Amino acid sequence: MPRRSLKFAPYVLVLAPIAAWAAWLGWDQHRDVHPDGSVTGPYEAWQVIGLVLTLLVPVYWAASRRYVVGASLCTTAGLTAAAYYDWSDDGSGLFMVGVGMVMVGSLVATFAVSALIAALTRTDNRSSGPTGT
């Protein structure tokens, strides 16, 4: 694969998680109070699953081109920036714990998924047997 095909990969891999966060999670800012008094949210499981599935597209694109480190670091940077921006208005200051968890979790997850994708999409250019004589 020519190197020029990855020229804009870091930008795409940072901006895609930010846009996906805004689309899936950014609009939902209210917690749900249930009749028993328990509080959940602000995100529903389907929103987080949608975010993860959406991010598989750019991660797969980069990892299948052997851009594993970039896929992991850039996607993590985008998710971390989006979480920081979205949660920074929290008055308790505990939002940084959540941002740190997003950073570590997304780094581990994207690296594992990227390495798996790179291994599964690897093309072996070696011939399967001796040639010639």
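Note that this is a predicted model, so its numbers are computed, not measured. Values below: every heavy atom of this structure, side chains too, minus hydrogens, waters and symmetry copies.
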Assigning hydrophobic clusters by single linkage (Ile, Leu, Val, Met, Phe, Trp, Tyr; side-chain heavy-atom cutoff under 4.5 Å), is [X] placed with [Y]?
| X | Y | result |
| --- | --- | --- |
| V69 | L79 | no |
| L51 | W46 | yes |
| V48 | W27 | yes |
| L56 | I49 | yes |
| V59 | F8 | no |

(request) Answer yes or no: are there more than 12 heavy-atom neighbours, outside F95 itself, under 6.0 Å from its atom CZ? (result) yes
(message) Within a 6.0 Å radius of atom OH on Y43, are there more than 12 heavy atoms belonging to other residues, nucleotides or ligands?
(response) yes
(request) Show the numbers, then the answer: is there a side chain to side chain contact (heavy atoms under 4.5 Å, CB included) between T110 and L55? (result) CA-CA 9 Å; T110 55; L55 291 179; over 6 Å; no
Closest heavy-atom contact between [X] and [Y]?
| X | Y | result |
| --- | --- | --- |
| P42 | Q47 | O-OE1, 4.0 Å |
| R66 | R122 | NH2-CA, 2.7 Å |
| V68 | F111 | CG1-CE1, 3.8 Å |

(message) Within this structure, what is the CG-CG distance for the pair L73 and L107, rounded to the nearest 0.5 Å?
(response) 6.5 Å
(request) Give, for atom OH of Y11 and atom SG of C74, the distance between the pair rounded to the nearest 0.5 Å. (result) 10.0 Å
(message) Test your reading of the model: is there a side-chain donor-acceptor pair from S64 to the backbone of W61, 3.5 Å cut-off?
(response) yes
(message) Donor-acceptor check, side chain of S106 to backbone of M103, threshold 3.5 angstrom: yes or no?
(response) yes
(request) Check whether any side-chain heavy atom of Y67 sits under 4.5 Å from a side-chain heavy atom of S114, and report yes or no. (result) no
(request) Might you work through the side chain to side chain contact (heavy atoms under 4.5 Å, CB included) test for V97 and L94, ending with a clear yes or no? (result) CA-CA 5 Å; V97 174; L94 289 176; 4.3 Å; yes
(request) For the residue pair T121 and R65, confirm or rule out a side-chain donor-acceptor distance under 3.5 Å. (result) no
Show me the donor-acceptor pairs, under 3.5 Å and distance only, between side chains in residues 12-24 and residues at least two apart or in other chains.
from	atom 1	to	atom 2	distance (Å)
W21	NE1	D86	OD2	3.1
W24	NE1	G50	O	3.4
W24	NE1	T54	OG1	2.8

(request) Kindly indicate, with the supporting measurements, whether the criterion side chain to side chain contact (heavy atoms under 4.5 Å, CB included) is fulfilled by M96 and W87. (result) CA-CA 8 Å; M96 283 305 294; W87 298 341; over 6 Å; no
